[in-house]
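Notes for the one structure printed next.
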Amino acid sequence: AQKITQTQPGMFVQEKEAVTLDCTYDTSDPSYGLFWYKQPSSGEMIFLIYQGSYDQQNATEGRYSLNFQKARKSANLVISASQLGDSAMYFCAMRGPGWKAGTALIFGKGTTLSVSS
Amino acid sequence: NAGVTQTPKFQVLKTGQSMTLQCAQDMNHNSMYWYRQDPGMGLRLIYYSASEGTTDKGEVPNGYNVSRLNKREFSLRLESAAPSQTSVYFCASSEGGGTGKRYGYTFGSGTRLTVV
């Protein structure tokens, strides 16, 4: 069965510092996709970054990068130069096996990031 | 703005009452999903619809029913609400199939449901 594990319930970082949020996954399928979402206190789910299992390079989107270590089955999110607005819940998610229609996302339990000035 | 629209945003129900959560998307997506979010549990899949005319159970379907009314709309019904169904409910949609983030997922803003 597929599973996403986020072991850090809460993380604290100071403004302008970098922070890494951990995510490990379990799947027996060679084809999968990994996502990170941000959920601020207002509640909406904001897509941050995506990594496909066959992508040769780690994904980057502005201050966000994904440290993809396939052999270790880890997909850690790195936020560089943290800002106060980065304070939120962060979810790692995986698209289930295959690419057929209706393949749902499987979510981890989330990590709450708090950025202080 | 294009996206996924959920109604209502907030609802309080008494135990045993019924209600339907509405979801509509205007992105011509094939697939739609219902999740619930509880503290410390992440998002868990309740039901999904791979395409118009099909629905399937997810991880936590008990106590819920769904209807894929047409390609745009996917509703979630609680026939007899229980306090354990107090949660935040998210609807999402995706194109379905293919690879890459182009086939990513768009979420609605959520419905906060309290059952007393």
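Heavy atoms only: backbone and side chains are in, while hydrogens, waters and symmetry mates are out.
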Checking Leu45(B) against chain A: side chain, backbone, both or neither under 4.5 Å from a heavy atom? side chain
Between Ile4(A), Thr112(A), Leu105(A), which residue shows the highest count of heavy-atom pairs closer than 4.5 Å to chain B? Leu105(A)
Which residue pairs pass the disulfide (SG to SG under 2.5 Å) test when at least one of the two sits in residues 23-94 of chain A, sequence neighbours left out? Cys23(A)-Cys92(A)
Salt bridge present between Lys73(A) and Asp26(A) (N-O < 4.0 angstrom): yes
Measure from the side-chain N and O atoms of Gln6(B) to the backbone N and O of Tyr89(B), and report whether any donor-acceptor pair falls under 3.5 Å. yes
Do the ring planes of Phe107(B) and Phe90(B) sit parallel (below 30°), tilted (30 to 60°) or perpendicular (above 60°)? perpendicular
Side chain, backbone, both or neither: which part of Gln39(A) has an atom under 4.5 Å from a heavy atom of chain B? side chain
Bottom line for Gln37(B): the part with an atom under 4.5 Å from chain A's heavy atoms is side chain
